[in-house]
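One structure below.
Chain letters run A, B, ... following the sequence lines, proteins first and then strands; every chain starts at 1. Hydrogens, waters and symmetry mates play no part in the numbers below; they use all other heavy atoms, side chains included.
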Amino acid sequence: MVENAERLRAADLITAIKSAGIRFIVALPDRTTSEYLLKPMLADPELRVVQICKEDEGVSICSGLYAAGQRALLLMQHTGLLDSINALRGVAVEGQNPVCMMVGLLSKEPGVLPTQSKRYGIRIVEPVLDAMQIEHHLIEAPDDVEKVVPAIEAAYARSMPVVMLIGREPL
Amino acid sequence: MMKRDQCLKVLARHRTDEIVVAVYQAAQEWLHLSPSDLNYTFTGAMGQGSSHALGIALGRPDKRVVVLDGDGSLLMNLGTLVTIAHAAPKNLVHCLCQNGTYETNGAVDIPGRGKLSFPGLAREAGYPKTYAFANLDEWERAVDGILQEDGPVFVDLHVEPGEHYPEDFQRLYDIEYRERFRRALAKA
């Protein structure tokens, strides 16, 4: 129980996402976020979830929604982020599209910084984003929810992408 | 087989206020044939045109969106057919300029040239309506109806290079034109 009180709450994340004006969720299921983020979103009448087959599609769908005056969030796993590097390069960064992403760090050890993980796939995520000059934030503890709205607002103000790395499964 | 610019001229003649998302050779020609602030060519990476179009169609269900995709491009993002069919935007017309080659990249044949059925793929993915045209007169007779039909509609256009138009890749991805598109669409 004590541990659960210190866990990131999915409901708080959804509230923050909505507060930032997001109404479209573009998503591929990710083990870190499927149960408590994506499934409630699929059932939420205030959100339209667009299910995709591959993550790079999502980068472009979010950009099309931006062109149409809508705000969107792309939900995926870090493996999908790594698979979408060319779309992030061409569509999000060079195309100056405010693609907002929540990315589950599958199997990251709780409380361990991503760059200190024993897992190669996790360790490289932040350095890759740094090399691409993509803003990123780690969302792992309950207080980290406060980062969500400013991160999304900044992305739209700068018309540049942002990645929120979900370090542990929210409850 | 239709000359691509002739085929696109037919669409341009019947265009009213549709948004047109175009990629590669079709985009280069379309910007000359049907100039408009509602042309969207800022797709950023190969294969992504139909995904941008889906986003625009979902974001503005009151506007018709036509995407001029390429066969090499579509092969790079085949899952888009399933994604679009599942999202089921009624206002999206997915046109494929099928030339059988990677024309921009040296005109090498696509894999499966002559064997693949793109309308078959679209149909099996769940597009409720698919068409194929290799004849200009038939395309001209059908285009008005297709532009008004409930989507997503898939239109396979069998084309070959026609007249040459100047290429301008800078213009295709220019952020200033993208912003112009956003402003025009916000007012439309």
Side-chain angles (χ1 to χ4, degrees), chain A residues 21-29 41-42 47-76 80-81 83-101 132 134 156-161, chain B residues 19 21 23 37-63 65 67 73-74 76-89 91-92 125-126 169 172-188:
Chain A
I22 302 279
R23 290 296 175 268
F24 284 87
I25 306 295
V26 180
L28 254 172
M41 286 169 163
L42 280 162
L47 297 171
R48 167 85 194 257
V49 178
V50 182
Q51 290 187 261
I52 52 177
C53 300
K54 197 126 188 295
E55 293 83 353
D56 57 351
E57 282 183 81
V59 175
S60 298
I61 293 169
C62 288
S63 301
L65 283 162
Y66 171 62
Q70 303 282 353
R71 289 191 172 194
L73 178 77
L74 174 55
L75 201 57
M76 60 181 166
L81 176 91
D83 204 29
S84 305
I85 282 176
N86 189 50
L88 290 170
R89 183 274 312 162
V91 180
V93 178
E94 291 180 348
Q96 295 178 27
N97 277 299
V99 180
C100 298
M101 293 162 267
M132 296 182 78
I134 294 176
Y156 281 92
R158 297 168 58 229
S159 204
M160 288 302 273
Chain B
I19 294 162
V21 177
V23 307
D37 283 346
L38 291 181
N39 290 333
Y40 184 101
T41 60
F42 326 101
T43 50
M46 189 168 174
Q48 297 295 310
S50 58
S51 302
H52 285 264
L54 174 60
I56 296 168
L58 293 173
R60 283 297 300 266
D62 58 318
K63 299 289 294 181
V65 181
V67 53
S73 293
L74 181 54
M76 204 168 275
N77 185 11
L78 264 183
T80 190
L81 293 174
V82 177
T83 301
I84 289 172
H86 185 67
N91 55 332
L92 182 62
F169 283 98
L172 289 195
Y173 305 127
D174 192 314
I175 303 298
E176 175 49 38
Y177 281 94
R178 198 271 312 280
E179 288 307 303
R180 206 183 282 190
F181 173 91
R182 293 187 75 231
R183 288 194 294 270
L185 182 55
K187 287 183 197 159

Checklist entry - Looking only at heavy atoms, what is the nearest atom pair of B/His86 and A/Gln51, with distance? => result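 Here B/His86 and A/Gln51 meet closest at NE2-OE1, 3.6 Å.
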Checklist entry - Minimum heavy-atom separation for A/Ala87 to B/Ala45, with atom names? => result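 Closest pair (atom of A/Ala87, atom of B/Ala45, distance): CA-CB, 4.4 Å.
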Next on the checklist: B/Arg178 vs A/Ser63, test: side-chain contact (heavy atoms from CB on, under 4.5 Å). Steps then yes/no.
Outcome noted: CA-CA 11 Å; B/Arg178 198 271 312 280; A/Ser63 301; over 6 Å; no
Next on the checklist: Please classify the contact of A/Phe24 with chain B as side chain, backbone, both or neither, using a heavy-atom distance under 4.5 Å.
Outcome noted: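 The side chain, not the backbone.
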Item to check | Options A/Asn86, A/Asn97, A/Asp56, A/Val59, ranked by heavy-atom pairs under 4.5 Å with chain B, top entry | outcome: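 The answer is A/Asp56.
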Checklist entry - Going by the salt bridge (charged side-chain N to carboxylate O under 4.0 Å, His left out) test, which pairs reach into residues 85-96 of chain A, not counting sequence neighbours? => result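 Output for this query lists A/Arg89-A/Glu94.
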Next on the checklist: Tell me whether A/Arg48 contacts the main-chain N or O of B/Leu58 through its side chain, where contact means a donor paired with an acceptor under 3.5 Å.
Outcome noted: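 The answer is no, because no donor-acceptor pair under 3.5 Å joins these two groups.
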Next on the checklist: Quick check on the structure: residues of residues 49-56 of chain B within a heavy-atom distance below 4.5 Å of chain A, by number.
Outcome noted: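 The residues closer than 4.5 Å to chain A, in numerical order, are B/Ser51, B/His52, B/Leu54, B/Gly55, B/Ile56.
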Checklist entry - Taking only heavy atoms into account, what residues of residues 181-188 of chain B are found under 4.5 Å from chain A? => result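 B/Phe181, B/Arg182, B/Leu185 fall under the 4.5 Å cut-off.
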Next on the checklist: Below 4.5 Å, heavy-atom pairs only: which of B/Gly47, B/Gly79, B/Ala57, B/Ala87 has the largest tally toward chain A?
Outcome noted: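 Top option by heavy-atom pairs under 4.5 Å: B/Gly79.
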Item to check | B/Arg60 portion near chain A, given a 4.5 angstrom heavy-atom threshold | outcome: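 Its backbone and side chain both get close to chain A.
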Item to check | With A/Asp83 via side-chain hydrogen bond (donor to acceptor under 3.5 Å, both in side chains) - residues at least two apart | outcome: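 A/Asp83 satisfies side-chain hydrogen bond (donor to acceptor under 3.5 Å, both in side chains) with A/Lys54 only.
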